[in-house]
Amino acid sequence: MQPTITVAGLGSGDEEQLTLGVWRRLQEAEVRYVRTDKHPMMSLFEKNGLSYTSFDYLYEQMESFPDVYEAIAAALIEAAQSDSPAISNEGRSVLYAVPGHPMVAERTVQLLRERCPEAGISLHILGGESFLDQAFVRLGFDPIEGFQLLDAGELHHSLLQPKLHTVIGQVYDQFTASDVKLTLMERYPDEHLVTVGHALGVAGEERIETVPLYELDRIEGYGNLSLIWIPRSEDDRLLNRSFDRLHEIVSILRSPEGCPWDREQTHQSIRKNFIEETYEALEAIDNDDPSGMQEEFGDVILQVMLHSQMEEEQGAFNAYDVIQTLNEKLIFRHPHVFGKSGADNADEALQNWEEMKAEEKRRKGISREGQSLLAGIPKDLPAIMKAYKLQKKAAKVGFDWDDVEPVLAKIEEETAELRQAIGDGDKQEQARELGDLLFAAVNAARFIDADPEEALAGTNLKFMRRFAYIEEQLRISGRTFDETDLQEMDRWWEEAKREL
């Protein structure tokens, strides 16, 4: 006959809560295994002379909990298939008892559900009161208000939703509690109140404490029957830290009940705002201003959200589609991180990126045939940045000099032609020759591995600081620009070069 594994839930720890059906099966079983004997119900086994084998020894042998659970599942399947368990008319039968309910936070049961069918084993699961039943009663909240159960060992701040009651189980010790605390602090203030429950519903052992989050790992007594509860909250300080809240706010601003100005905007009307906000973010970066960066990055994100909301209203896509597309692109273009390719340095990583980018176009049916090598550069890119990208693309197919000397000679040539145009007095020709000179200078930047935009930005900043020094000297002397001359300003300029 077919071998059988029966999984029975021992409940939350109080023997009064053990179901009659489970208790009968425990008494009738001839071969009993328990995941752990560190559970209050084991005293009932002892009082009634129920023998059992515990898997606690595996916790000491294995390096991680997943390894323990794998070993337990394998041992149970082997026991069910061997001749050692009792053999009845119904076949070989093994009873496996677990704390709480077998289908709540019990990884070994999930492994058995996956593997028993292919091993030819019949699996039966008998429910029991889970620790959640006592949590609802002893902590006093209704899960229908919104509830989530999370595993302390796999907790990530992206899973946290302040609008839901959150119970975190598997808080075995203070080290685990410390990890939970650090993760919670990424969404909650340090002073936010959280509740710790030990052995809920177990007479003489239950302990419930509410403490500020920063004290979470200072509580004594963490063990197999410990959990952490964070009550649901509508506090704006918590909700405003979520992307969902941002999406909600932008949709309200664009709604008929929202802001008249936001409602009237189109892609074109706020197009320039996107550029302005980006440059303000760049300025904060250049100033190494963390506070400014925090604010300006938000303004850039707002532009993305507004444009996405406009398309959502048309039924084209929404902000979540934008995020999905970005996530998929990042994963696809980083096979050396998320796939099987390798990259030992930045150059190899960039090569992977370009190869996967080309693969993306191939999959989308975008052919390079008939398309210029220089295609794909945004037409509205600032001229210096565009020149730099054009030259890099042309250089890839060999349209380039071998070293920087011919580039410098080209700069001299273009400088001479600009002089000639200035001498001729032809304004249009002067502008054309100036463009040629700038293009040649950008090429020089490429040869010395300098970004021309950044190089010019640095010079602009240097000019502003030195000119501010001149203004400061005039202010100290109580004069204006009308009361000085170029010679004096040039002297101050040289002083600024030395001092700054």
Tell me whether [X] contacts the main-chain N or O of [Y] through its side chain, where contact means a donor paired with an acceptor under 3.5 Å.
X: Arg24; Y: Thr19; answer: no
X: Asp56; Y: Asp37; answer: yes
X: Ser178; Y: Gln174; answer: no
X: Ser269; Y: Gln265; answer: no
X: Arg32; Y: Ser51; answer: yes

Hey, are [Y] and [X] close enough side-chain-wise for a donor-acceptor pair under 3.5 Å?
X: Thr176; Y: Asp179; result: no
X: Ser12; Y: Glu129; result: yes
X: Thr108; Y: Glu106; result: yes
X: Glu311; Y: His267; result: yes
X: Glu114; Y: Gln110; result: no

Discussion item. My understanding is that only one of Gln148, His165, Gln161 makes a side-chain contact (heavy atoms from CB on, under 4.5 Å) with Arg232; could you say which?
Written reply: His165
Worksheet item: Does anything in residues 289-300 pair up under side-chain hydrogen bond (donor to acceptor under 3.5 Å, both in side chains), and if so which pairs, sequence neighbours excluded?
Response: none
Worksheet item: Is the closest basic N to carboxylate O distance between Arg207 and Glu205 below 4.0 Å?
Response: no
Worksheet entry | Test: Asp217 and Lys181 ion pair at under 4.0 Å | yes
Just to verify, what does [X] make a side-chain contact (heavy atoms from CB on, under 4.5 Å) with, not counting sequence neighbours?
X: His124; value: Thr4, Thr6, Ser122
X: Ser242; value: Arg187, Asp244, Arg245
X: Ile285; value: Leu282, Met293, Phe297
X: Asp286; value: none

When rounded to the nearest 0.5 angstrom, what distance separates [atom1] in [X] from [atom2] in [Y]?
X: Ile301; Y: Leu246; atom1: CD1; atom2: CG; answer: 7.5 Å
X: Ile252; Y: Gln309; atom1: CD1; atom2: CD; answer: 10.0 Å
X: Ile121; Y: Arg115; atom1: CD1; atom2: CZ; answer: 11.5 Å

Practice prompt. Return the set of residues passing salt bridge (Lys or Arg N to Asp or Glu O under 4.0 Å) with Arg237 (not counting sequence neighbours), or none when no residue passes.
Written response: Asp235
Worksheet item: For the residue pair Tyr320 and His247, is the inter-centroid distance of their aromatic rings smaller than 6.0 Å?
Response: yes
Item to complete: Flag yes if more than 12 heavy atoms outside Glu234 fall under 6.0 Å of its CD atom; otherwise flag no.
Response: yes
Practice prompt. Output, in order, the C-alpha distance, side-chain angles, deciding distance and verdict of ring pair (Phe, Tyr, Trp, His ring centres under 6.0 Å) for Tyr52 and Phe45.
Written response: CA-CA 8 Å; Tyr52 61 87; Phe45 278 56; 5.6 Å; yes
Discussion item. Please verify the inter-ring angle class for His307 with Phe274; under 30° counts as parallel, over 60° as perpendicular, anything in between as tilted.
Written reply: parallel
Worksheet item: How are the rings of His334 and Phe338 set to each other: parallel, tilted or perpendicular (split at 30° and 60°)?
Response: perpendicular
